[in-house]
Amino acid sequence: MSWSNAADAATALRTAGYLADERTAQVAFLGDRLGKPILAEGPAGVGKTALALAVAQATGHRLVRLQCYEGLDEAKALYEWNYHKQLLRLQTDEGRRWDELEGDIFTEDFLLARPLLEAIRSPEPVVLLIDEVDRVEVETEALLLEVLDAFQVTIPELGTMRAETRPFVVLTSNNTRELSEALKRRCLFLHIDYPSVAREREILLTRVEGLSEELAGRIAEVVRSIRRVAVRKAPSVSESIDWARTLLALAVDHIDGAVTADTLNVLLKYQSDIDKVTRELDLAPAHDG
Amino acid sequence: MLGALTEFSGELRTLGVPVSMVEVMDAGDALRHVDLADRGAVRVALAATMVKNTRHQRAFDTAFDVFFGLRAAGGGEGADGTAPATPPDPGGVGGAGVGDDLTGLLDALVAALTSGDGETLRHLVRMAIDRFSGFQPGRPVGGRYYLYRVMHRLDAEGLRRRLLEVALAAAADDDDLAARLAAEHAGDQVDLLRREVEDEILRRLVADRGAAAVAGTLRVPLVEDVDLMHATREELDEITARVMPLARKLASRLSARRRHGRRGRLDVRRTLRRSLAHGGALVDPTWKPRRITKPELVLLCDVSGSMATFARFTMQLTYAIGHQFSNVRAFAFIDGIDEVTRFFGPGTDFAEAMGRMSAEVRLVRRDGHSDYGSALNGFVDRFGDAVTARSTVIVTGDARNNYRETGRDVVAAIATEARALHWLNPEAAQYWNTGDSIMATYVPLCDGVHEVRTLRQLETFVERVALAPRSIRRSRRSR
């Protein structure tokens, strides 16, 4: 990757269909330049994961993805010995001396590479996405530290494996819990919030074919207005895209209160939220249901 | 630039933002790759390397404006020596084309805001400040008074109405939704104007007295250090947003033993049975699941008048915990007590829950002043079975009992029965046991008594709670 400045990064991401704001482009550029992981934090559905996908597409590098979940451990994140294969090997070689065998069964042939090791071992540069890192337990975070600051993995039987090419690393977090200082210190921090009206309009125009500029602007304004109501789950960018598609499918060319009320269930996923927004925005449904 | 960076990180640390040595070095590294004349780029580079928590963002922004507002405009230190990006000093605006009268200025402002012409807007703002702020050099102020004067003379509310008219005229139709969008738009534009005025005043203050001095005047506590009892509306909103992650942390602390118990002892029978598939080799060891202890949480919240702000906050916490954690029961009390768990469960809305709580539950039995004795007795009588050996009981209250019966025996009984009893008091510890506060009565009965006046103190409590439950048990037996 060789972006010469933030504007360059923004253009590259745009070709991959990702409209980065100034801040996102700048941090992506710095992440590449400094070789530091990017920790993207923000509400769900604002394009944190999409950033990594876009970087991969823009640069043509392979994407390696580690989806985090509660209970993720070393064997699923880093590597695991292929126990069954080792056992078979031992059985075929019955009668040989142990010290001969030992060197045989702890080689790379018997290693199952999980995403982190896979990203490190890859001969060509990759984009490593560590998704929803706030879901793992604090203790598991420690697994990531060696990978994130030195781009290496230490396997006791084999030694330390160092990355041949630095992967571009993106971590995402929904901020459901505070990440450890140790992890944060190793990353560039990027807070991605809901886009401005102008940018959301642009995103809608890029992502939804056949949408008129006027309608897109209007959708962005209404969605922003709904986000200001204190709802449990504010509509994300992908939901406003869904809404735009719905409106197109219904051949709506003009949004008023009644249309919004009738299609609100595309934007909001809780009945209590729908009720609240209908009340606060004073939307009158055209008909029941 | 390095000197400025060190000074800046020092200011951030003074504000309470944790910036490590490594992060300052990273910031220095990052600055070598960005155009130093581009203030926005410098801001992003510094924010990404030094501020790792969104709640410190605002403190960072203010400090950045103070420290790099003028220097970046000079651009002299840029490696490539590019011309300064920001227009030169605000002195030379006298002979502008706009009329000298207030009406002319207002018209121009409305036009600039409507067309979104930032350059003209900033120019007009400088004029307005020249004329209305009554700027007095050398005064150690934070500029809020200047802002007030300028916005007052510009008649912010009148401007908003004019902008609203423009927005309404531009709107395609005239239903409620369009009106709402137009109103929001007008509000945003006035906010933009206010920010521009604020920025310009700050710029002048810094030019007048120097960055360090102005930063000192502007220093405000971080969200986590705001006193919950005296928080402003805005601060409360921000605090509310932080409560959810904290509740999750508390929940995960309390259930930590559960998660670690994923692997119990070796299950010999199953392991042998599985080995048959591999010719008798013990390939797949199987473990017995460890017995699950489900921790329970019981919250007792004083929601009387003296606790109003704090009560809102504790109910917020209750709400957050209720969404994370199924084994939670919440009770609210004043001089009577009732269960409020059902209002705060998953799928509820907080504002609605608060409304239902005040409408459907009777917490006042006599006069509506706190009465811990009567409330706690009522708790044991009616909901005594809520507390078991697995329960962690958390009481939130200021223990200001209006000189009534203390209910010490009841608290002692709860403490004996429960796994742990914690008391969170929103008053400063130095005021405990003054006047009608009877904290001293309860302190010896609790496993922990915590002063929780700020979010940071609540975090500390969450860090500590549920640590080593066994040692707590032992200490109870020796009591």
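No experiment lies behind these values; they were computed from the predicted model shown. So that the names make sense, note that chain A is the first sequence line, chain B the second, and so on, each numbered from 1.
A distance of 8.0 Å separates CZ of A:Phe189 from CD of B:Gln57, quoted to the nearest 0.5 Å. One distance of note links NZ of A:Lys184 with CD of B:Glu23; it measures 10.0 Å at 0.5 Å rounding. Atom CG of B:Asp188 and atom CZ of A:Arg224 lie 4.5 Å apart (nearest 0.5 Å). Note that CD of A:Glu221 and NE2 of B:His185 are 7.0 Å apart. Values are rounded to the nearest 0.5 Å.
For A:Leu34, the part lying near chain B is the side chain, with the backbone staying farther off; criterion is any non-hydrogen pair under 4.5 Å. For A:Thr260, the part sitting under 4.5 Å from any heavy atom of chain B is the side chain, from C-beta outward, and nothing else. Of the atoms belonging to B:Thr54, heavy atoms from both backbone and side chain fall under 4.5 Å from chain A. Interface residue B:Glu184: backbone and side-chain heavy atoms are both found under 4.5 Å from chain A.
Between A:Leu39 and B:Lys52 the shortest side-chain heavy-atom distance does not fall below 4.5 Å. Considering only heavy atoms from C-beta on, B:Val51 stays 4.5 Å or farther from A:His191 through its side chain. Taking the side chain as every heavy atom from C-beta outward, B:Leu177 and A:Val222 approach each other to under 4.5 Å. By the 4.5 Å heavy-atom criterion applied to side chains, A:Arg218 and B:Leu181 are counted as neighbours.
Your options are A:Lys36, A:Gln91, A:Arg186, and the one with the most heavy-atom pairs under 4.5 Å with chain B is A:Lys36. With chain B as partner, the option from A:Leu188, A:Leu87, A:Asp134 having the largest number of non-hydrogen pairs under 4.5 angstrom is A:Leu188.
In this structure, B:Arg13 places its CZ atom where more than 12 heavy-atom neighbours from other residues, nucleotides or ligands lie under 6.0 Å away. More than 12 heavy-atom neighbours from other residues, nucleotides or ligands sit within 6.0 angstrom of CZ on A:Arg89.
A:Glu22 and B:Ala41 get closest at one heavy-atom pair: OE2-N, 4.3 Å. The two residues A:Ser225 and B:Arg180 have their closest heavy-atom pair at OG-NE, 2.8 Å. The shortest non-hydrogen separation linking A:Gln26 to B:Val34 is NE2-CG1, 3.1 Å.
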